[in-house]
Amino acid sequence: MEKIIEMKRLDCSVCILKSEATKNLSVGELNILNQNCVDVDFKKEEVIFKQDALSSNIIYLQSGMVKLIMDGPQRKQILKIKKAPCYLGLPTTMGDKINHYSAIAIIPTRACFIDLGSFKELLRLNHDFSYEIIVELCKNELEQFHRCINLVQKQIFGRLANNLIQFSEDLFDSDEFDLPLNRNEIANLVCTSRETVSRMLTELSEEKIIKINGKKIKILNKDMLKKLREKG
DNA sequence: GCATTAACCACAG
DNA sequence: CTGTGGTTAATGC
């Protein structure tokens, strides 16, 4: 029995290559991590954690991509798309006992579940580790503030342009990519209707700013797209 | 008034 | 699931 568990244990040193925070861990601390985390593979559309469920894990995304969704009074709202490597659910696990949003894989995703107690222990033990976690949280907060301004003060072309640029620059590092969401979900992300997204995408295509073929998008005129983003 | 923006409905591939 | 057309309400010259 002990042996099987032993075999299933993972080697966190692999992840060290990716996470700014775990780079700082000593051998002993890494051992704590090693013995208190499990990694899981998720298929597209599988739920990684669910709103209103009890949360007792910090989740580290090793690979893949995820959408964060919150049930609002009117409808479900896509809060953000997150790409590995990153931590998931820091605010939802540290902020309350219960998840305030759900995370769903949008492509095959590998995630590491870290026991909350052990994670807190590492925060106490290693200041450099904690520092990196704080940096990640701060970046997240700034991003949210920008997203808020973007949503509230821009019209839909600006909002859509902003999100297309983010897909290209932050998620795919390419001017050509497959949309990870259907039109309805894009509408939800941009806070508009599905029909409006359709119309605007075809319009952007007619203006030769982007090229669309189903979910495939190619940005042809990034300058123009950026102007749209600025103008709102 | 008239124009613009964008949501909602309906219908067709 | 998507794209398009018609309609409608709100807002701003």
Side-chain angles (χ1 to χ4, degrees), chain A residues 41-52 61 63-84 88 99-111 142-232:
Chain A
D41 282 316
F42 292 91
K43 300 190 196 83
K44 187 174 155 61
E45 293 303 317
E46 272 187 325
V47 177
I48 297 174
F49 59 80
K50 196 168 158 42
Q51 182 171 349
D52 298 328
L61 274 196
S63 65
M65 212 178 277
V66 152
K67 55 186 172 187
L68 304 183
I69 299 180
M70 188 182 272
D71 263 326
Q74 311 285 329
R75 58 202 140 76
K76 285 182 190 299
Q77 176 66 47
I78 299 185
L79 302 171
K80 182 175 169 50
I81 308 294
K82 292 212 105 190
K83 180 183 106 164
L88 270 196
N99 292 321
H100 287 210
Y101 52 85
S102 307
I104 299 177
I106 52 182
I107 56 175
T109 294
R110 172 172 279 251
L142 283 179
E143 228 176 87
Q144 290 317 311
F145 290 162
H146 282 292
R147 174 163 156 79
C148 179
I149 294 293
N150 181 59
L151 283 178
V152 172
Q153 299 195 3
K154 287 182 194 167
Q155 296 178 193
I156 295 174
F157 265 119
R159 310 214 291 265
L160 187 61
N162 187 43
N163 277 276
L164 288 176
I165 290 169
Q166 275 183 11
F167 282 147
S168 154
E169 293 185 350
D170 301 340
L171 296 182
F172 299 101
D173 301 313
S174 165
D175 286 345
E176 207 170 353
F177 54 88
D178 282 0
L179 281 175
L181 305 172
N182 64 29
R183 303 292 136 112
N184 218 338
E185 290 174 310
I186 292 177
N188 187 299
L189 186 67
V190 180
C191 298
T192 181
S193 67
R194 181 204 111 236
E195 294 96 320
T196 301
V197 170
S198 267
R199 287 194 181 100
M200 300 214 156
L201 285 178
T202 48
E203 200 166 327
L204 288 175
S205 164
E206 281 163 5
E207 300 288 330
K208 306 275 185 238
I209 294 170
I210 61 172
K211 189 172 162 227
I212 29 176
N213 181 12
K215 292 202 166 175
K216 287 193 189 306
I217 298 257
K218 182 172 187 178
I219 296 178
L220 301 173
N221 188 345
K222 193 166 229 172
D223 288 343
M224 198 58 215
L225 204 56
K226 286 191 171 169
K227 272 184 200 151
L228 277 177
R229 171 176 68 172
E230 302 319 325
K231 273 196 309 187

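Any value given below was found using the heavy atoms of this structure, including those in side chains, with hydrogens, waters and symmetry copies removed. A note on names: the letters A, B, ... follow the listed sequences, proteins ahead of strands, and every chain is numbered from 1.
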Determine yes or no for a side-chain-to-main-chain donor-acceptor pair under 3.5 angstrom, with [X] supplying the side chain and [Y] the backbone.
{"X": "A/Thr192", "Y": "A/Asn188", "value": "no"}
{"X": "A/Thr109", "Y": "A/Phe42", "value": "no"}
{"X": "A/Glu185", "Y": "A/Asn182", "value": "yes"}

Salt-bridged, [X] to [Y], with N to O below 4.0 Å?
{"X": "A/Arg110", "Y": "A/Asp41", "value": "yes"}
{"X": "A/Lys82", "Y": "A/Asp170", "value": "no"}
{"X": "A/Lys222", "Y": "A/Asp175", "value": "yes"}
{"X": "A/Glu206", "Y": "A/Arg199", "value": "no"}

Please report the distance, rounded to the nearest Å, between [atom1] in [X] and [atom2] in [N].
{"X": "A/Asn188", "N": "B/dA6", "atom1": "CG", "atom2": "C1'", "value": "16 Å"}
{"X": "A/Phe157", "N": "B/dA7", "atom1": "CZ", "atom2": "P", "value": "12 Å"}
{"X": "A/Gln153", "N": "B/dT5", "atom1": "CD", "atom2": "P", "value": "18 Å"}

Polar pairs (N or O, both sides) under 3.5 Å between protein and nucleotides 2-6 of chain C?
{"unit_1": "C/dT2", "atom_1": "OP2", "unit_2": "A/Arg183", "atom_2": "N", "d": "2.9"}
{"unit_1": "C/dG3", "atom_1": "OP1", "unit_2": "A/Arg183", "atom_2": "NH1", "d": "2.9"}
{"unit_1": "C/dG3", "atom_1": "OP2", "unit_2": "A/Arg183", "atom_2": "NH1", "d": "2.9"}
{"unit_1": "C/dG3", "atom_1": "OP2", "unit_2": "A/Ser198", "atom_2": "OG", "d": "2.7"}
{"unit_1": "C/dG3", "atom_1": "N7", "unit_2": "A/Arg194", "atom_2": "NH2", "d": "2.9"}
{"unit_1": "C/dG3", "atom_1": "O6", "unit_2": "A/Arg194", "atom_2": "NH2", "d": "2.5"}
{"unit_1": "C/dT4", "atom_1": "OP2", "unit_2": "A/Thr202", "atom_2": "OG1", "d": "3.4"}
{"unit_1": "C/dG5", "atom_1": "N7", "unit_2": "A/Arg199", "atom_2": "NH2", "d": "2.6"}
{"unit_1": "C/dG5", "atom_1": "O6", "unit_2": "A/Arg199", "atom_2": "NH2", "d": "2.8"}
{"unit_1": "C/dG6", "atom_1": "O6", "unit_2": "A/Arg199", "atom_2": "NH2", "d": "3.2"}

**Message:** Once you measure the plane-to-plane angle for A/Phe49 and A/Tyr101, does it fall in the parallel (<30°), tilted (30-60°) or perpendicular (>60°) bin?
**Reply:** tilted
In short, the helix from B/dG1-C/dC13 to B/dG13-C/dC1 is bent end to end, axes from five pairs each side, to 10°, by 0°
